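Values in this document were obtained by computation on a predicted structure and should not be read as measured data.
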Amino acid sequence: MRKYLLITLFFLAGCAENTNDPVATYVQLGDSYQVTLTGQRVNMSHDIFTTRSTSPTSQVFLLPRISGQVEGHEISVKKVTTLFSGG
């Protein structure tokens, strides 16, 4: 039981420092909108080429409208950018 508790705590500790920036940006593209979310993610064991404890990350979504209700099937992911994927 103790082993499972330690494993669970180890995995939760890896997610503890991920943060979202307080502001998202959007740009109108014709009749839809491009929304960019940014934040920081905690580096994992395979991120051996950096000395930082967190890395910037962003994700771009295409939305049909900026207000009102948007159904999940209407959202498309355009691009995900991390430190190593460029962008």
Exercise. What do the steps show when you test Val35 against Ile66 for side-chain contact (heavy atoms from CB on, under 4.5 Å), and what is the final call?
Worked result: CA-CA 9 Å; Val35 178; Ile66 203 72; 4.0 Å; yes

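Here salt bridge (charged side-chain N to carboxylate O under 4.0 Å, His left out) pairs that include residues 54-70, with residues two or more places apart or in two chains, are Arg65-Glu74.
Of all the heavy atoms in Val23 and Thr38, the pair that sits closest is O-OG1, 4.4 Å. Scanning both residues, Gln34 and Val60, for their nearest heavy atoms gives CG-CG1, 3.3 Å.
Hydrophobic cluster membership is shared by Val70 and Leu37, with clusters built from Ile, Leu, Val, Met, Phe, Trp and Tyr side chains linked at under 4.5 angstrom.
Taking the side chain to side chain contact (heavy atoms under 4.5 Å, CB included) definition, one finds that Val77 meets it with Gln59, Phe61, Val80, sequence neighbours left out.
Atom CG of Leu63 and atom OG of Ser76 lie 8.0 Å apart (nearest 0.5 Å). Note that OH of Tyr26 is 13.5 Å distant from OG of Ser32, once rounded to the nearest 0.5 Å.
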